[in-house]
Colleague: 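Below are the C-alpha cells for one structure; questions will follow.
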Amino acid sequence: MPIKNRFADLHEEITGWRRHLHENPELLFDTPKTSAFITEKLKEFGCDEVVGGIGRTGVVAVIKGKTDTSGKVIGLRADFDALPILEATGLDYASKTEGVMHACGHDGHTAMLLGAAKYLAETRNFDGTAVMIFQPAEEGGGGGKEMVDDGMMERWNIQEVYGMHNMPQAEVGSFSIRSGPFFAATDQFEIAVEGKGGHGAMPHTVIDTTVVASHIVLALQTIVSRNVDPVENAVVSVTSFETESKAFNVIPQHVLLKGTVRTLTPEIRDLAEERLKKLATATAEAYGATATVNYDRGYPAMVNSDIETGYAAEAAASVAGNCADAPLIMGGEDFAFMLESRPGAYILIGNGDTAMVHHPEYNFNDEAIPAGCSWLAEMVESRMPAK
Ligand SMILES: [Zn+2]
Ligand SMILES: [Zn+2]
C-alpha cells in the first residue's frame, strides 16, 4: 500500500496550513496563535475530544475508531515550536516575526499530524483510539516532559507513542529508523575557575586562571578517549572560554568555561558527569586555583523500543517501499521523555535536497506531506486493524 489516496487530495490544503504556520512562528511555550490554530482545526475535523493547556500550551485530540474491541490507544506526536533565527529563505510565506523562524520543520510535522487527524476523523477505519499529541517547546524547553508530567499518558490511557522528524539530504518522503538509543542525552555544564589575577608581566605573583582553564579543557578530552569504553559513543565539547580581561597585560582572576556532554546510556552519562567534575576540581586544585562546576542534565537519551520500531518500520515500508537504517545522532530530542514513559518509536522522513535544520535557509519540503501523513495514519490503522 503506497501513499493513501486521500492525502493526495488533501496535499494542497495541508500545504496551506504548513505555510500558514511557517509565516507565524512562535517560541517555546509562548505559542498562543499556534495552539489556537491547531485547536480550531481539530474541532473542525470533528475529533471526539480536543483539550488545550496540556504541558502549558500543548494540545491533545482524541479520535475514536469505528469500534473499540481492542481497547488499544495509540499516541502520535508532533512538535510545533520555532527557533530564534533570522530567516533567510526569501520565501513569499517567510516568517512575519523578525528573528523567529520555523527552521526545524516543526511547521511541517504539525501540518502532517493535522492532516492525519483530518483523515482519521473522516474514516475512523480502525478498532481502538488514536490520540493526537501537539507539543510545544521541543527546542530546549522540555515541552514533551511537561506533557508527560501533566499526566497525559495516564489521562488518555496511551499505550504506545510514535513521533517523526524530517531529515534534510535524505530522499524526500523516504524513511529511516533505528532500534535502541537513537538521539543522545544532552547535558550542559559551566565551570567557573578562580585564581588570582594580576600583571601580565609578573606571572610569579598570580595564579593564572587562563593556564588552569586550558589544562581543564585538555583534561576533559580524556573522558571520551580514556574513560568511555571505545565501542561506546560520547561527546564532551567545551564551547565557550570567557575571561573578564580585555587587556594584553592583565591576567584575569576568573575564567568561565561552558560546554555540552552527549551520551547514549545512563551509565556513561553518570561516568561523564563524575569524571568532568573530578577533572575540573582536581586540576584547578593542582594549580592552587578553584573550579566550581555547575552540571545541568537536559533531555535523556531517546530510545526506540525494539518491537514498536519494527511496527514503525513496517508501516513506513508499506508507504514508501522500504525503510532504511538510520545512523545514531548525538543531537537531542525531547520526545525522549514520551519514550521513557511508554514504548514507541521515532522515525525520520527525508526532506530532500534542502539546507540542514537550524540553518537560516532551511525550509520544510511540502513534497514530504503525503508520505508523512500516510505513515501517521498507517500507524493507527496497522496497530489497531478495523474489525
Ligand atoms: Zn531543532
Ligand atoms: Zn526539530
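As the structure lists them, so they are numbered: ligands from 1, and atoms in each ligand from 1.
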Colleague: Output yes if Cys104 passes the N/O/S-under-2.8 Å test against the Zn ion (ligand 2); output no otherwise.
Modeller: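 Yes.
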Colleague: Test of understanding: clusters of I, L, V, M, F, W, Y form through side-chain heavy atoms closer than 4.5 Å, transitively. Do Tyr299 and Leu27 belong to the same one?
Modeller: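 Looking at the clustering, Leu27 is in a separate group from Tyr299.
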Colleague: So, the side chain of Arg56 versus the backbone of Phe29: is there a donor-acceptor pair under 3.5 Å, distance only?
Modeller: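 Absent.
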Colleague: Taking the six-membered ring for Trp and the single ring otherwise, decide whether the centroids of Phe183 and Tyr346 are under 6.0 Å apart.
Modeller: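 Between Phe183 and Tyr346, the centre distance is under 6.0 Å.
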Colleague: Taking the Zn ion (ligand 1) as the vertex, what is the angle from OE2 of Glu139 to NE2 of His358, given to 10 degrees?
Modeller: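 Angle OE2(Glu139)-the Zn ion (ligand 1)-NE2(His358): 100°, rounded to 10°.
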Colleague: If every non-hydrogen atom of Val255 is compared with every non-hydrogen atom of Phe241, which pair is closest and at what distance?
Modeller: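 That would be CG1-CE2, 3.7 Å.
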Colleague: Work out the angle at the Zn ion (ligand 2) between NE2 of His165 and NE2 of His106, rounded to 10°.
Modeller: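 Approximately 120° at the metal, rounded to tens of degrees.
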